[in-house]
Amino acid sequence: MTDRLRFAPSPTGYLHVGGARTALFNWLYAKHYGGEFLLRIEDTDKARSTDESTRAIFEGLEWLGLNWDEDVTYQGANLERHQRDARLLLERGKAYRCFCTAAELEQRRKEAESRKEVFRYDGRCLLLGTEEIERRVASGDPYTIRFRVPGGSTSWNDLVHGEITFPNKDIDDLVVLRSDGTPIYNLAVVSDDIAMGITLVMRGDDHISNTPKQIMLYEALGAKLPTFAHLPMIHGTDGKKLSKRHGATAVGDYQHMGILPETMLNFLALLGWSPGNDIELMSMDEMVQLFSTDHLLKKAAVFDPVKLDWMNGQHLSRASAERLLPVVVAGLGKTGLATPKDVEQRRSWFLSLIDLLKVRSRTVDDIVRQSAPYLRDEITYDADAVAKQWKDRDASARMLAAVRERLATATDWSPAALEELLRQLAESLGVGAGKLFQPLRLALTGQTVSAGIFDVLQVLGRDRSLDRIDAAVRFITKRDAA
RNA sequence: GGCGGUAUCGUCUAGGGGCCUAGGACACAGCCCUCUCAAGGCUGGAACACGGGUUCGAAUCCCGUUACCGCUACCA
C-alpha cells in the first residue's frame with residue numbers, strides 16, 4: 001500500500017518556515033518512498049482564518065515547488081462529518097454530553113488556581129442520569145460533547161522518537177464538539193485524517209501531547225491508526241520558538257530578499273535531517289534520492305540566516321545564467337534598471353552579465369545591485385576611491401589617456417586580448433598591473449570593487465568603455481582646474 | 001505544578017561501545033591565489049550539560065540531576 005501524507009496548515013498567517021519544513025519532509029517522504037502528498041487547510045477557526053492567508057500558503061508552496069496531489073481539502077467543509085463522528089462517539093458511550101458552561105468552567109478554574117491547585121475537569125456530567133440528560137436536552141440547554149478518556153495508557157511507536165507512552169490518567173476528558181456544534185481541533189484532525197485515508201502523520205513535535213488524545217479518538221471511532229512522525233521545532237537564534245521578532249519568518253520574506261527556492265529547500269532540509277557523508281549542498285532531486293526517515297533528528301534546530309545566505313551564494317554560483325535570468329529580470333524591473341523588453345533585446349548580453357556577477361553574490365538582490373554600473377548611462381564615482389586612486393590627478397589623467405589610446409587600437413575585444421594589451425602597456429609604463437587596473441576600474445564602474453577588469457571591459461563593450469574613460473579624464477582635469 | 005520531549009563546537013550537524021587525542025559546514029582569525037571583490041585552497045581557535053552506573057572499554061547503553069522546549073482551552 002502506498003502511503004498517504006498531508007500537510008495541514010491553518011490559514012492564520014503566511015507560510016512559516018517551520019510549516020514549509022514540515023511540508024517539505026512530507027513531500028520528500030512521498031517522493032522518495034512513493035506516496036501521495038495532500039494539502040488540507042484547517043480553517044475551522046473562522047475568526048482567525050483568512051482567504052489571504054490561504055492564498056499565501058498556496059503561493060509559498062508553489063514557489064518552493066512543493067506540489068500536492070489531489071484537490072485541496074478544506075476542513076471547514078467537513079462540518080457534517082465532524083458532527084456525525086461526535087454523535088457516533090456519544091452513541092457508542094465513548095463520549096458524553098457536558099452541560100457545564102464555559103463560564104462555569106472558567107469559574108472553577110479560577111477557584112482551583114486560588115487554592116494553588118491545577119484545574120481538572122471532574123467528570124461530573126458523566127454522572128448525570130438518563131432522565132435528567134433527556135430533560136435538559138429537551139429544554140434546550142446547551143452542551144458540549146466530551147470524550148471520555150479510558151483508563152490505562154496510550155503509546156505509539158513514533159517514527160522519529162521511538163516508543164512514547166502517556167498514562168491516560170493525566171489526560172482530561174476533552175471537549176470534541178463545542179456547544180455551537182463546531183468541532184474541536186483534535187476531533188476535526190482525526191475525522192479528516194481518517195476520511196482522507198492518511199497513513200503517515202508527519203508534523204511538528206509540538207503535537208506530541210495531542211497524539212495520545214488522537215489515538216484514543218481513532219480507537220473509539222474504530223479506525224485504523226496511522227503511523228506518527230514528530231519532527232523537531234525550528235527556533236530563532238536566541239533558542240526560542242521562531243517568531244516575528246526574529247525577523248523574517250515567512251518563506252515569502254526570503255523570496256523577496258532574493259533567496260532562491262532551491263536554497264530554501266536545501267537549507268530547510270538540513271534542519272532536522274541529515275543525509276550523512278558530510279553532504280550539504282543538494283538539488284531537489286538529490287534530496288529526494290537521499291531522503292530517509294532513519295536520519296530524522298529529534299533536537300530542535302536554530303534557524304541561522306547567515307548560513308542561509310552562504311548557501312544561497314553557493315546555489316547562485318551553481319545555477320545557470322539561464323535559470324537566473326527570470327528572477328534577475330524581476331529584480332531589475334523593480335529597481336528600474338531595466339525592463340523585460342530591454343532584456344529581451346539583449347538576452348545573451350544579460351546572460352553574460354549574470355555569469356559575471358552571480359559568483360560574487362549571495363542573493364538575487366546582490367546581482368541586481370551590482371549590475372547597476374553596467375546598465376546606467378551615468379555612473380557616480382565613489383569619493384573615497386577617487387581620493388585614493390586618482391590622488392595624483394595629473395598622472396592619473398595621463399595614465400587613463402594612455403590606456404584609452406591603447407585600447408582604441410584593439411582589434412579583438414575579448415578578455416584575453418585585452419589583458420595582453422593592457423599588461424604590455426603596464427610594462428612599458430613601468431608600473432605594476434594593480435597601479436593601472438584600479439584607476440581604470442574606477443573609471444569604468446565608479447568603484448574599486450568589481451568583476452575582473454577585462455571581463456568588465458568586455459561586458460561594457462568597446463564604445464562604452466572608451467566613453468567612460470574619456471568621462472573620467474574630463475572629471476579629473478575639471479576637478480584639477482577647480 | 002503535572003505530563004511528555006530534547007541535550008556533541010556560538011550555529012547546522014557526523015557519530016548508533018573500541019576506527020574519536022570527536023569529523024564536516026557556517027561564522028571568526030591567519031596564510032595562499034590575485035588587477036579589486038568574490039569564489040577557491042590551506043591552517044587555527046572552538047563541543048560530547050552534570051553525576052552515578054553497566055562494560056575490559058562509553059559521546060554512544062541505563063538511572064538520576066539540571067537546563068531548555070511543548071502540552072495541560074468550548075485555540076489550532
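The chains referred to below are lettered A, B, ... by the order of the sequence lines, with proteins before strands, and numbering in each begins at 1. The structure displayed is predicted, hence computed values, not measured ones.
Evaluation of the side-chain contact (heavy atoms from CB on, under 4.5 Å) rule for A/Ser10 yields A/Thr12, A/Glu42 as partners, not counting sequence neighbours. Looking at residues two or more places apart in sequence or on another chain, you find a ring pair (Phe, Tyr, Trp, His ring centres under 6.0 Å) between A/His207 and A/Tyr185. A/Val137 pairs by the side-chain contact (heavy atoms from CB on, under 4.5 Å) definition with A/Arg97, A/Phe99, A/Ile133, A/Tyr143, not counting sequence neighbours. Scored by the ring pair (Phe, Tyr, Trp, His ring centres under 6.0 Å) test, A/Phe303 finds A/Tyr254, A/Phe267 as partners (sequence neighbours excluded). The side-chain contact (heavy atoms from CB on, under 4.5 Å) test applied to A/Ala385 returns A/Asp382, A/Leu442, A/Thr448, not counting sequence neighbours. For the ring pair (Phe, Tyr, Trp, His ring centres under 6.0 Å) test, no residue two or more places apart in sequence or in another chain qualifies with A/Tyr74. Residues satisfying the salt bridge (Lys or Arg N to Asp or Glu O under 4.0 Å) test with A/Glu117, not counting sequence neighbours, are A/Arg115. Contacts of A/Phe437 classified as ring pair (Phe, Tyr, Trp, His ring centres under 6.0 Å), with partners at least two apart in sequence or in another chain: A/Phe454.
To the nearest angstrom, P of B/C12 lies 9 Å from CZ of A/Phe267. Between A/Phe437 atom CZ and B/U36 atom P there is a gap of 10 Å when expressed in whole angstrom units. Separating the CG atom of A/Leu308 from the P atom of B/A25 is a distance of 19 Å, rounded to the nearest angstrom. For A/Phe303 and B/A27, the CZ to P distance is 15 Å, given to the nearest whole Å. Between A/Leu290 atom CG and B/A14 atom P there is a gap of 13 Å when expressed in whole angstrom units. For the pair A/Leu268 CG and B/C26 C1', the interatomic distance rounds to 16 Å; values are reported in whole Å. A/Leu429 has its CG atom 17 Å from the P atom of B/C35, to the nearest Å. Between the C1' atom of B/U36 and the CG atom of A/Leu422 lies a distance of 15 Å, rounded to the nearest Å.
Each of A/Lys169 and A/Ala300 was matched to the nucleotide of RNA chain B holding its nearest heavy atom; the match closer to the 5' end belongs to A/Lys169. Residues A/Asn277 and A/Arg441 each lie close to RNA chain B; by heavy-atom proximity, the contact nearer the 5' end of the strand is made by A/Asn277.
Base-pair partner of B/C42: B/G30 (Watson-Crick or G-U wobble, both distances under 3.5 Å). In a base pair of the Watson-Crick type (N1 to N3 plus N6-O4 or O6-N4) or a G-U wobble (N1-O2 and O6-N3), with each distance short of 3.5 Å, B/A25 is matched with B/U11. Of the nucleotides present, B/U65 is the one that pairs with B/A49 by Watson-Crick or G-U wobble criteria, both distances under 3.5 Å. In a base pair of the Watson-Crick type (N1 to N3 plus N6-O4 or O6-N4) or a G-U wobble (N1-O2 and O6-N3), with each distance short of 3.5 Å, B/G1 is matched with B/U72. Base pairing annotation: B/C35 forms no Watson-Crick or G-U wobble pair, as no partner gives both donor-acceptor distances under 3.5 Å.
Atom C1' of B/A47 sits at a distance of 10 Å from the matching atom of B/A59, rounded to the whole Å. Comparing the same atom, C1', in B/C62 and in B/C69 gives a spacing of 24 Å after rounding to whole Å. Taking the C1' atoms as reference points, B/C71 lies 36 Å from B/G24, given to the whole Å. Taking the P atom of each, B/A38 and B/C26 are spaced 15 Å apart, rounded to whole Å. Annotation: B/A49 and B/U66 have their C1' atoms spaced 8 Å apart (nearest Å). As rounded to the nearest Å, B/A29 and B/U54 have P atoms that lie 48 Å from one another.
Under the 4.0 Å criterion applied to side-chain N and carboxylate O atoms, A/Asp172 and A/Arg120 are assigned as salt-bridge partners. A salt bridge does not link A/Lys110 to A/Glu113: none of the charged nitrogens lies less than 4.0 Å from a carboxylate oxygen. Contact check on A/Arg40 versus A/Asp193 returns a salt bridge, with a Lys/Arg side-chain nitrogen under 4.0 Å from an Asp/Glu carboxylate oxygen.
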**Message:** For nucleotides 68-76 of chain B, give me one character per nucleotide, 5' to 3': B if any protein heavy atom sits under 4.0 Å from the base, S if the only such contacts are to the sugar-phosphate, - if neither.
**Reply:** -SBSSSBBB

**Prompt:** In B/S/- notation, 5' to 3', how is nucleotides 15-24 of chain B contacted by protein heavy atoms closer than 4.0 Å?
**Reply:** S-------BB

**Asked** Which parts of nucleotides 37-45 of chain B does protein reach within less than 4.0 Å, heavy atoms only, written one letter per nucleotide 5' to 3' as B for base, S for sugar-phosphate only and - for none?
**Response** BBSS-----

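A cation-pi arrangement is absent between A/Arg376 and A/Tyr374, since the terminal nitrogen or guanidinium carbon is not both under 6.0 Å from the aromatic centre and inside a 45° cone about the axis. Figure legend: cation-pi geometry between A/Arg108 and A/Phe119 absent, as NZ or CZ is not positioned both under 6.0 Å from the six-membered ring centre and within 45° of its axis.
Contacts of A/Gly19 with the nucleic acid, taken as non-hydrogen atoms under 4.0 Å apart, are absent. Backbone-only engagement by A/Leu271 is indicated by non-hydrogen atom pairs under 4.0 Å involving sugar-phosphate atoms exclusively. A/His161 comes within 4.0 angstrom of the backbone, heavy atoms only, and of no base. Contacts of A/Ile453 with the nucleic acid, taken as non-hydrogen atoms under 4.0 Å apart, include base atoms. A/Thr165 comes within contact range of the sugar-phosphate backbone alone, with a heavy-atom separation under 4.0 Å but no base atom that close.
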Counting only pairs under 3.5 Å, give me each side-chain donor-acceptor contact of residues 290-300 of chain A, with atom names and distances, residues two or more places apart or in other chains.
unit_1, atom_1, unit_2, atom_2, d
A/Ser292, OG, A/Asp294, N, 3.0
A/Ser292, OG, A/Asp294, OD2, 3.4

